[in-house]
Undergrad: 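This structure is in C-alpha cells; I'll ask about it shortly.
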Number of protein chains: 2
Amino acid sequence: MVKHAEGISKGKWALPGGWINYNESIDDAASRLLKALTGVSNIYLEQLRAFGDLNRYPERRVITVAYFALVKPENYSLHPGFTASDAKWFDIQRVPKTPYDHKEILDFGFAHLKHKVRHEPIGFNLLPQKFTLLGLQELYEAILGKPLDKSNFRRKLMKMNLLVPCKEKQKDVSHRAAALYSFDKKIYDRLLKDEFNFEL
Amino acid sequence: MVKHAEGISKGKWALPGGWINYNESIDDAASRLLKALTGVSNIYLEQLRAFGDLNRYPERRVITVAYFALVKPENYSLHPGFTASDAKWFDIQRVPKTPYDHKEILDFGFAHLKHKVRHEPIGFNLLPQKFTLLGLQELYEAILGKPLDKSNFRRKLMKMNLLVPCKEKQKDVSHRAAALYSFDKKIYDRLLKDEFNFEL
DNA sequence: TCAAATTATGGTCAAAATGACTATTAGTAC
DNA sequence: GTACTAATAGTCATTTTGACCATAATTTGA
C-alpha cells in the first residue's frame with residue numbers, strides 16, 4: 001500500500017492508483033501507476049475487475065479497474081513517488097483502515113487469489129527457478145493457511161508429473177540437502193488439455 | 001446478440017451495450033441496457049471484466065465493462081428496443097462476424113464459463129426450481145461434454161448434501177417418476193466456508 | 001569422534017472415494 | 001400380463017487419502 005500525498009485521502013494508507021490516460025490501455029495504465037507510485041516494474045499484472053458502485057469516491061463519480069500480481073516482496077524494493085509519500089508491504093491480516101472502498105477491493109482480490117491458487121499452479125511465480133519440495137509445500141501452507149503433511153504432499157506432487165528434477169541439490173544448508181526441481185509451463189499446459197486438475 | 005440500429009456498427013450483429021449513466025452503478029447500467037436492448041430483465045448478471053485496449057472503438061477512446069449470465073433461452077422472450085433493431089440467440093459456435101473486439105469478449109467469456117462451471121455449481125441456474133437427478137446429470141453431461149455414470153453421479157451428489165428433497169415426484173412421464181430436488185444456495189454458501197469443492 | 005539435531009525421503013495401513021458394473025423396483029404402454 | 005423405461009440400490013476391485021512411522025544423509029558442537 002502507499003501513503004497518499006495528495007487529495008482527500010492525503011496521509012492515509014491505501015491502494016496505489018490514479019487516472020487512466022486517454023491514449024494508453026488500461027493494462028498499461030496499471031503498470032505505469034504502479035511504477036510511478038511504488039517503483040515496482042516488470043511484473044505480470046492481471047485484472048481483478050472493475051468497481052463501479054455509486055459514491056465510491058465522495059467528490060465525483062469514479063470507476064476503478066483493479067489489478068493484482070503475485071510476487072515475492074523481497075524481490076522488489078519500494079520507492080514511493082508521484083502521488084505517494086510512502087510505500088510499504090502489509091500483511092493481509094494487518095492492513096490498516098483504508099479510505100474509499102479499498103477494503104472491499106482487497107477482500108475481493110484476496111478471495112479471488114485463494115480460489116485461483118487452488119485451481120491453477122500460480123504459486124510457482126513465488127518460487128525461484130529451482131526450488132525444493134519443502135519450499136513449495138511451505139508456500140502452499142502459507143497461501144492455504146493450513147499445514148500440509150510432508151509425505152502426502154510429496155506423493156501428490158510427484159504423481160502429477162509436473163515437476164522437472166534439476167539433478168542438482170541444495171547447497172549451504174545445515175542439514176541434508178534436498179533435490180531441486182523446476183516447474184515446466186509446457187508440461188502444465190499439456191496436462192490441462194486432459195482436464196487435469198491442480199488440487200492440493 | 002442484437003442487431004445495432006445506430007452508429008458505425010449499424011446493421012451488424014453484436015453484443016448489446018451502451019453508455020453508463022453518471023448516477024447509476026455499473027451493475028445497474030448492465031441490467032438497464034440489457035433490458036432496453038433485448039427486453040430481458042430479472043436475471044443475475046455477473047461482471048466478466050473490463051476491456052480497455054486502445055482503438056477498440058474507432059471514433060474515440062472507449063472502455064467496456066462486460067457482463068455475463070447463465071440462463072435458459074426458452075425462459076426469456078427477446079424484444080429488441082432502444083438502439084437494437086433485432087435480438088436473437090446464437091449458438092456460440094455459429095456467432096456471426098462481430099464489429100469492434102466483441103469476438104474477444106465472447107471468447108474470454110466462454111472460456112471463463114467453462115472454467116467456472118467446473119468449480120462452482122452455477123449449472124443450477126439452468127434447471128427449473130425443482131429438478132430430477134437425471135435432469136441434473138444430463139445438464140452436466142452437456143456442459144462437460146462427456147457421459148457420466150448414473151449411479152456414481154447420484155452417489156456423489158447425495159454425499160455433497162447440497163440438494164434439498166422436495167418430497168414430490170415427477171408427473172406426466174411415461175415411466176417411473178423420479179424424486180424432485182431443489183438447490184439451496186444457503187447450504188452451498190455454508191459448505192464453501194469449509195473449502196468444499198464442487199467437482200463432478 | 002560421536003551424539004544430537006535437522007531435514008530428506010520413503011514406507012505402512014486403515015479409511016474413504018472412485019469407476020465399472022449388476023440387480024431390483026416402480027411405473028407406463030399395449 | 002408382458003414388454004419397456006427409467007429410478008433407485010447395491011457390489012466390488014482399485015485408487016486415493018490422511019495420518020502416521022522409519023530410515024537416510026548431513027551438519028553442529030560437545
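It should be emphasised that the depicted structure is a prediction, and the values quoted were computed from it without experimental measurement. Sequence lines set the chain letters: A, B, ... in the order given, protein chains first and strands last, and positions in each chain run from 1.
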Undergrad: Could you state the CD-C1' distance from A:Glu138 to C:dA8, rounded to the nearest angstrom?
TA: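 The answer, rounded to whole Å, is 13 Å.
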Undergrad: Write down the distance between CZ (A:Arg154) and C1' (D:dC20), rounded to a whole number of angstrom.
TA: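 Roughly 16 Å, once rounded to whole Å.
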Undergrad: Quickly work out the A:Leu148 CG to D:dA19 C1' distance and round it to whole Å.
TA: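 Taking CG of A:Leu148 and C1' of D:dA19, I get 13 Å after rounding.
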Undergrad: Taking salt bridge (Lys or Arg N to Asp or Glu O under 4.0 Å) as the test, write out the residues that go with B:Lys130, two or more places apart.
TA: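 If we apply the salt bridge (Lys or Arg N to Asp or Glu O under 4.0 Å) test to B:Lys130, skipping adjacent residues, the hits are B:Glu168.
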Undergrad: Using the side-chain hydrogen bond (donor to acceptor under 3.5 Å, both in side chains) criterion, which residues pair with B:Lys167? Sequence neighbours excluded.
TA: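 If we apply the side-chain hydrogen bond (donor to acceptor under 3.5 Å, both in side chains) test to B:Lys167, skipping adjacent residues, there are no hits.
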Undergrad: Report each atom pair, protein N/O against N/O of nucleotides 10-17 of chain D, whose distance is under 3.5 angstrom.
TA:
{"residue": "D:dG10", "atom": "O6", "partner": "B:Ser151", "partner atom": "OG", "Å": "2.5"}

Undergrad: Can you measure B:Leu157 atom CG to C:dT18 atom C1' for me and round it to whole angstrom units?
TA: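 My rounded result for the distance is 15 Å.
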Undergrad: Specify the separation, in whole Å, of atom CG of B:Leu133 and atom P of D:dT5.
TA: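 Interatomic distance, CG of B:Leu133 to P of D:dT5: 21 Å.
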Undergrad: What is the distance from CD of A:Gln137 to P of C:dT7, rounded to the nearest Å?
TA: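 Whole-Å distance recorded here is 12 Å.
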Undergrad: Within the pair B:Lys150 and D:dT8, is there a side-chain N or O less than 4.0 Å away from OP1 or OP2?
TA: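 Checking B:Lys150 against D:dT8: no side-chain N or O falls below 4.0 Å of OP1 or OP2.
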Undergrad: Please report, rounded to the nearest Å, how far the P atom of D:dA7 is from the OH atom of B:Tyr181.
TA: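 It works out to 11 Å between those atoms.
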Undergrad: Rounded to whole Å, how long is the line connecting atom CG of A:Leu136 with atom C1' of C:dA8?
TA: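 Value for this atom pair: 15 Å.
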Undergrad: Go through the structure and list residues passing side-chain hydrogen bond (donor to acceptor under 3.5 Å, both in side chains) with A:Ser174, not counting sequence neighbours.
TA: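 Checked A:Ser174 against side-chain hydrogen bond (donor to acceptor under 3.5 Å, both in side chains); zero matches.
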Undergrad: Below 4.5 Å, heavy atoms only, C-beta onward: do B:Ile20 and A:Ile63 meet side chain to side chain?
TA: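 A side-chain contact under 4.5 Å exists here.
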Undergrad: Tell me the side-chain hydrogen bond (donor to acceptor under 3.5 Å, both in side chains) pairs involving residues 40-49 of chain B, sequence neighbours left out?
TA: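 Output for this query lists B:Tyr44-B:Glu46, B:Glu46-B:Lys116.
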Undergrad: Only counting residues at least two apart or in another chain, list the ones meeting side-chain hydrogen bond (donor to acceptor under 3.5 Å, both in side chains) with A:Asn161.
TA: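 Partners of A:Asn161 under the side-chain hydrogen bond (donor to acceptor under 3.5 Å, both in side chains) test: none.
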Undergrad: Going by the side-chain hydrogen bond (donor to acceptor under 3.5 Å, both in side chains) test, name the single residue among A:Arg155, A:Arg154, A:Lys156 that passes it with A:Asn152.
TA: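 So, applying the side-chain hydrogen bond (donor to acceptor under 3.5 Å, both in side chains) to A:Asn152 and each of A:Arg155, A:Arg154, A:Lys156, only A:Arg155 qualifies.
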Undergrad: Pull out every protein N or O sitting under 3.5 Å from an N or O of nucleotides 25-30 of chain D, one pair per line with the distance.
TA:
{"residue": "D:dA25", "atom": "O4'", "partner": "A:Arg176", "partner atom": "NE", "Å": "3.4"}

Undergrad: Mind checking salt bridge (Lys or Arg N to Asp or Glu O under 4.0 Å) for B:Asp27 and listing every partner two or more places apart, or none if nothing turns up?
TA: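 Partners of B:Asp27 under the salt bridge (Lys or Arg N to Asp or Glu O under 4.0 Å) test: none.
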Undergrad: Could I get the full list of side-chain hydrogen bond (donor to acceptor under 3.5 Å, both in side chains) partners for B:Ser9, not counting sequence neighbours?
TA: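 Partners of B:Ser9 under the side-chain hydrogen bond (donor to acceptor under 3.5 Å, both in side chains) test: B:His4, B:Tyr100.
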